[in-house]
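Quick caveat: nothing in here was measured; it's all calculated off a predicted structure.
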Amino acid sequence: MTAAKITARDVSVYYGEKQALESVSIDIATEHVTAFIGPSGCGKSTFLRCFNRMNDTIIGARCTGRIELDGEDIYGAEMDVVQLRARVGMVFQKPNPFPKSIYENVAYGPRIHGLAMDKTELDRIVELALTRAGLWDEVKDRLSESGTSLSGGQQQRLCIARAIAVDPEVILMDEPCSALDPIATAKIEDLINQLRGRYAIVIVTHNMQQAARVSQRTAFFHLGKLIEFGETSELFTNPRAEKTKDYITGRYG
Amino acid sequence: MTEHTVRAFDQDIRALRALIADMGGRAEAAVNGAMDALVTQDHERALAIVGGDQKIDALEAEVEKLVVRIIALRAPMADDLREVIAALKIAGTLERIGDYAKSVAKRVPKLSGGQRFEALALFPAMTTVVVEMVHDVLDAFIARDADKAVDVWKRDKTVDDFHNSIFRALLTFMMENPQSIGSAAHLLFIAKNLERVGDHATNIAEMVYYAATGTNLGERERGNGTATA
Ligand SMILES: Nc1ncnc2c1ncn2[C@@H]1O[C@H](COP(=O)(O)OP(=O)(O)O)[C@@H](O)[C@H]1O
Ligand SMILES: [Mg+2]
């Protein structure tokens, strides 16, 4: 057995009257990349946003149940949300670099979290994060250029570097490749592979081949419910639930 | 079975099943025909069966092409993936069955000595059993019917019993009639070929079972002893 990094129990989410997630329980381990798949609107993003309390920022959104990060209740009174979002980083569908230099994009987080004592240490953190994000060689000579001057795929890796820079434990990715071309997508997938085991990674994807390629555990959601969760290779070759089978074989809807 | 959202995918799957059914029909006919040619000493028919094997080989190549196309274009998953892979393996196995029929047909002229073999009476019955196995296991494949596959799988024992009887009968005959050892040896090979057809039908049953259920039949049912000759 592998110890869970995140434990979610009976998590339900409501947007006003509407229930978007129904009593979902799952364990997320650091050694695996976990993929969330399912038809749009089934609650993948909603669930992902619970893990770093991003739903708090949505007016009318309400979350019940319990989510623990290393055994700590993330909705508990002692939990510092800013701290939580550093520990549980997020990468979005559209790359969203700040309109600042490449260097600043990465240095911003470590600076506000006071992770560097001086410029030398900050430089080192920036270089390490960009290296881990597989971007260092491409940008090391243009660190002062704007982050928005990079290509889409590079911008997405910059966002991953930004998440990595604050030394997170978990990285959440919500359809990180859906705005990217196949080559840029392959680079992100390769990167996810490199990062596996260092961070607990959860990726939402509507591309099943991608889920099959990058993850070791896959969760299939349907209408706000977790239908099936298990080993990726098993789920894609021999799903247990009829709903999972219909979805992954393209018999949905 | 619910249709796929992409309907061209269903067409591909249907085309694949049709190819397998065609191959299976030809393999069955070849085994039956080779046995008929043997019993009736019809050399022309035997030659036709040897020639017809090319068509089975060509169909196997067609299955291979279609499977590669389906995998490349449709990226099948779950039971679809298992079925497509099974189809590829089944086509290879049917091609081998065709080869056994050809090998039987090639021996037909070698047995024209007019010698009467008692054991010969067992051959058509054995042929009926193995051809039915091939027929039923392909039905099971098309219908994704795991129970039917298990049923075929269990019949392999009967084939082995036939083979053992023929083997013993021919051996006795050879000892008593040393002058007919040559012909009897050909019959031994023919019996072995039929037995191999049964083995291949059994292998297909395992492929069909896996395609239908996602679990291995061998792991589940093996160990209750299959006879070997
Ligand atoms: N901010 C929001 N306000 C109201 N409803 C929302 C909001 N975000 C998502 N929903 C609804 O919640 C359900 C799940 O959405 P979402 O988590 O975005 O699904 P997915 O990521 O699987 O496509 C959908 O029915 C969606 O319309
Ligand atoms: Mg979403």
Side-chain angles (χ1 to χ4, degrees), chain A residues 33-42 44 175 177-178 180-183 185-186 189 203-223 226-253, chain B residues 1-17 20 66-90 140-147 149-150 205-221:
Chain A
V33 173
T34 304
F36 287 179
I37 62 167
S40 19
C42 68
K44 306 178 294 290
E175 299 190 20
C177 302
S178 58
L180 304 183
D181 67 47
I183 306 279
T185 297
E189 289 182 7
I203 177 173
V204 170
T205 173
H206 61 247
N207 178 334
M208 280 176 292
Q209 269 67 41
Q210 178 168 71
R213 283 191 300 263
V214 304
S215 76
Q216 290 72 46
R217 293 289 181 277
T218 298
F220 170 64
F221 293 85
H222 183 75
L223 296 176
L226 176 62
I227 304 295
E228 184 164 347
F229 177 51
E231 267 185 48
T232 299
S233 58
E234 189 65 18
L235 189 132
F236 282 109
T237 56
N238 194 15
R240 276 167 286 142
E242 199 68 16
K243 280 205 178 78
T244 315
K245 189 186 86 174
D246 285 350
Y247 181 70
I248 64 172
T249 59
R251 289 186 177 89
Y252 180 76
Chain B
M1 186 74 38
T2 335
E3 302 270 292
H4 290 92
T5 312
V6 179
R7 267 170 293 171
F9 192 174
D10 288 315
Q11 281 165 21
D12 285 345
I13 295 272
R14 274 197 294 274
L16 188 58
R17 289 179 185 173
I20 295 290
L66 182 55
V67 165
V68 167
R69 211 181 83 97
I70 291 175
I71 290 176
L73 296 188
R74 316 274 176 227
M77 291 282 195
D79 54 346
D80 289 334
L81 178 61
R82 300 197 307 262
E83 170 165 352
V84 166
I85 296 297
L88 182 66
K89 291 169 78 180
I90 289 171
F141 172 66
I142 308 285
R144 295 193 183 188
D145 186 340
D147 293 338
V150 173
E206 288 175 4
M207 297 165 198
V208 170
Y209 188 90
Y210 178 74
T213 65
T215 53
N216 283 321
L217 174 62
E219 279 163 24
R220 208 197 68 174
E221 304 244 347

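- Exactly one of B:Asp80, B:Val6, B:Thr5 qualifies for a side chain to side chain contact (heavy atoms under 4.5 Å, CB included) with A:Arg251. That residue is B:Asp80.
- Side-chain contact between B:Met77 and A:Thr244: absent, with no pair of heavy atoms (C-beta onward) separated by less than 4.5 Å.
- B:Gly214 and A:Asn238 get closest at one heavy-atom pair: O-ND2, 3.2 Å.
- Minimum heavy-atom separation, A:Thr249 to B:His4: O-CD2, 2.8 Å.
- A:Thr237 and B:Leu81 make their closest contact through CG2-CD2, 4.4 Å (heavy atoms, listed as atom of the first residue, atom of the second, distance).
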